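Below is one structure, written out as structure tokens, with a few remarks after it.
On a predicted model such as this, the values are computed, not experimentally measured, just so you know. Note that these values count all heavy atoms, side chains included, but never hydrogens, waters or copies made by symmetry.
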Amino acid sequence: MASQRSRVRNDNFFRKEEGAQSVQAKVSRAFQLCAECGTLNLSSNGLAGDLPASVCGFQEASWSQNWWEQCSVLKIDISHNSLERIPPEIGNLSDCAAFVAVSNRLTSLPGELFENLPLKQLNLRQNMLEALPGPQLARATSLVELVVSENCLAALPAGLFNLGCLEVLDVSGNQLLSLSDSWACSKLKRLDISRNRLTKLPGGLQKCSSLRELSAVGNALRDLENLFDVELAHGWCTSLVSLDLSRNELGPTFRLSHLEALDSLNVASNKIELLNLLGSFPRLSAVLADGNRIRDFPQALLPAGAPSLGTLSLANNDLRSIPPELGLSKNLKRISLEGNPLRSIRPELLRSGAEKLKSYLRGRLEGPAGDEAVQAGADGELQSELFLHLRTAAATHQLKLENLGLKEMPTLPPGLRLLKLLGSSLTADALIAGLGLASKAPNEGLSQDLSQLDLGRNSLGEGHSASGLVGTLLRGLPSLTDLDLSFNGLASIDLHGQGQTWSGPGKLALKRADFSGNAVVALPGALLAACPALRELRLRRNRIASLAEAELAVGSALNTLDLEENQVSSLPPWLPGRLPQLHTLLLANNEIASLPAEWGGWTSLQAVSLTGNPLRNIRQALVAKGWPAIAAHLRDRLPEGQSDLPASMPHAARPLGRESAAARRGDESTSSPTGLPLDSAVVRAALGGPASQDPGSAGPLDARISRLSSNVAALEDELHAPGMTRARQSAVTHSLRMKRAELLKAEQELRRRSQTNS
């Protein structure tokens with residue numbers, strides 16, 4: 001049986017019958033959508049010739065089921081078609097405020113478009129317009145945006161320059177030879193007259209006092225007659241942001257003054273010999289003046305006149321020297337000076353980047369005058385950076401200042417929640433004065449909200465207030481939860497504030513404290529007692545030799561204690577009772593020779609670092625296995641009949657932590673009254689032996705069973721510990737099998753002996 005040929009849809013056959021009906025169907029769908037939203041979108045619909053009459057008669061037709069629900073046409077978009085003419089009947093759309101006809105073949109516009117429509121936006125880019133209807137255009141008093149770029153306009157009607165509501169005017173890419181000198185567009189903000197044939201700009205342009213952006217690229221401009229040399233009271237001083245006059249014939253002098261709001265200046269590819277910039281330009285960030293004939297470096301572009309300058313291009317000019325003060329421009333990241341007859345700067349240095357060039361220029365500042373210039377520039381940049389940070393902090397309530405070398409506190413905005421002052425030279429007196437804590441009435445706007453204070457790497461160990469600094473901060477900042485005073489040269493952590501005594505523990509909110517890298521000699525037990533919410537305490541790299549003061553920390557909720565790189569030599573056996581919730585204890589690189597056996601019952605403890613200590617009673621191989629193995633070893637060293645916890649520890653203070661391996665397995669109890677594992681006691685009871693036999697007189701077999709049971713429990717604990725590698729897990733699993741096998745043999749031997757004795 002012959003296989004049937006698969007049938008494929010022939011789209012060309014169906015496409016032949018569509019033709020004009022397809023276009024009409026698209027228009028109908030657009031009309032129906034317009035009746036719902038008010039926007040008639042006919043872009044890219046293949047329309048040609050005249051605009052369809054149905055568009056102009058939309059208001060008279062009914063495109064909705066209920067005529068009272070039909071929206072009027074508010075916006076028309078007929079872009080990317082081949083339309084050549086718009087009929088006068090377009091004036092019937094009396095509610096249309098936006099008309100977009102980009103990329104068509106329009107050669108003229110009907111006057112009704114401007115007279116009858118309340119136009120606010122008119123975009124006719126990329127057409128073939130040769131003229132605009134002058135009298136009718138003057139009546140479009142509500143027009144805000146007019147775009148007629150890339151057409152064939154040779155002139156603009158005078159009425160255009162009197163539109164009081166016009167804000168955007170784009171006539172780029174035409175054939176304009178001149179502009180009217182009579183401008184009354186007081187709200188004009190953006191003017192683009194690029195790529196025309198203009199030889200001058202009218203002085204009347206200054207009447208557009210709200211102008212923000214002016215682009216006149218690619219004309220034939222020669223003399224601007226001091227158009228941009230304005231008075232301080234002129235609107236351009238605060239409004240003009242962008243000025244682009246590149247690719248013209250400007251020269252030999254270009255004068256610009258008092259434009260303090262200017263952000264970008266582009267005068268590249270002209271014939272300028274003297275770039276005369278007068279006044280200061282605090283917001284100027286980019287200057288492009290390459291491809292001219294400039295002989296002298298504009299002094300206004302140095303840090304004193306343009307502190308925000310980030311991009312400077314003066315390539316291909318006639319510069320013979322660069323002022324060394326340019327090296328003080330902190331924000332300058334891009335410099336282009338190639339193609340100038342510079343004798344004092346090697347060409348490879350010009351190509352090496354802005355930072356190396358600035359470093360070279362700074363090196364040329366010699367003598368006291370140079371030092372003063374460097375200091376003045378540095379102070380000015382510091383004040384400018386401080387101002388920006390403080391202004392941001394007022395809004396975000398977070399102030400972060402790093403490596404500024406501050407010796408005094410800046411005036412802080414109220415409501416700060418985070419204050420970070422790293423790498424400065426603040427003393428304790430300067431800090432307390434800056435925070436407003438020196439007086440009896442502290443700055444409530446600051447102290448009530450500040451919760452994070454990071455003052456690492458300062459000089460807080462200096463000053464009369466250094467001894468009681470911590471107490472002053474905790475008392476004056478009751479909302480403080482995070483405190484970092486690391487690397488400050490503090491000799492003590494004293495809770496006695498300046499001229500005050502600490503009255504009881506209170507209810508301080510401190511949760512994390514870092515005093516690393518100081519000269520503290522004792523563990524701050526009073527701090528632990530006064531801060532019941534403290535969870536993390538860092539005391540790394542101090543001079544602590546004893547933990548005796550930890551006895552004050554009754555009921556502490558501390559979770560993490562870092563004492564690495566100190567001088568601790570002995571550890572108190574009662575410490576688990578004072579820190580019953582501690583799970584991380586870092587003791588590496590101290591002088592510890594032994595661990596108390598009582599620590600074997602510190603069940604909350606999960607991680608302990610002991611490397612770098614001269615331990616005598618614990619092998620380094622055991623230390624490498626982690627705290628569970630060390631704890632099991634310590635429990636084995638407890639004297640006979642003694643509990644894992646020290647006798648001096650109150651019962652209420654006994655630590656609550658991880659359950660033992662036997663509890664995780666679901667056993668009802670973990671040990672017999674003899675202190676041996678329950679399984680050994682049960683075996684002896686089942687065999688008729690004394691269940692309460694004293695381990696000391698049970699013989700070597702009972703002792704072996706007890707030891708093996710402890711080893712199995714320790715290995716099970718280690719196997720369930722988090723963070724174990726696969727290699728270590730495999731090794732522990734193998735050891736656990738071996739120990740279980742030995743324990744089984746020992747119990748079988750005990751059973752055999754019991755049967756023999758009976």
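- Shown here for His397 and Pro414, the closest heavy-atom pair between the two residues is ND1-O, 4.3 Å.
- Salt bridge status for Glu564 with Arg541: absent, with no side-chain N to carboxylate O gap under 4.0 Å.
- Exactly one residue among Asn559, Leu582, Asp562, Leu527 makes a side-chain contact (heavy atoms from CB on, under 4.5 Å) with Leu537. That residue is Leu527.
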| said: Under the criterion side chain to side chain contact (heavy atoms under 4.5 Å, CB included), I'd like the reasoning laid out for Leu539 against Ile493: C-alpha separation, chi angles, the key distance, then a yes or no. | reply: CA-CA 11 Å; Leu539 292 162; Ile493 303 175; 3.8 Å; yes

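- Considering every non-hydrogen atom in both Pro307 and Pro282, the closest pair reads CD-CA, 4.0 Å.
- In this structure, Asn518 contributes its side chain and Asn488 its backbone to a donor-acceptor pair below 3.5 Å.
- For Glu462 against Thr427, the heavy-atom pair with the smallest separation is O-CB, 3.6 Å.
- Panel note: side chain Arg535, backbone Ala533; a donor-acceptor pair is recorded below 3.5 Å.
- Between the side chain of Asp449 and the backbone N or O of Arg417 there is no donor-acceptor pair closer than 3.5 Å.
- Under a 3.5 Å cut-off, the side chain of Arg578 and the backbone N or O of Glu551 do form a donor-acceptor pair.
- A donor-acceptor pair under 3.5 Å links the side-chain atoms of Thr396 to the main chain of Thr392, judged by distance alone.
- Checked by atom type, the side-chain pair Gln452/Thr481 shows no donor-acceptor distance below 3.5 Å.
- Residues Ser486 and Asp484 have side chains that bring a donor and an acceptor to within less than 3.5 angstrom of each other.
- Under a 3.5 Å cut-off, the side chain of Ser424 and the backbone N or O of Leu426 do not form any donor-acceptor pair.
- There is no side-chain donor-acceptor pair under 3.5 Å between Ser308 and Asn331.
- Salt-bridge annotation for Arg740 and Glu716: present, with a side-chain N of the basic residue lying under 4.0 Å from a carboxylate O of the acidic one.
- In this structure, Asn566 contributes its side chain and Ile544 its backbone to a donor-acceptor pair below 3.5 Å.
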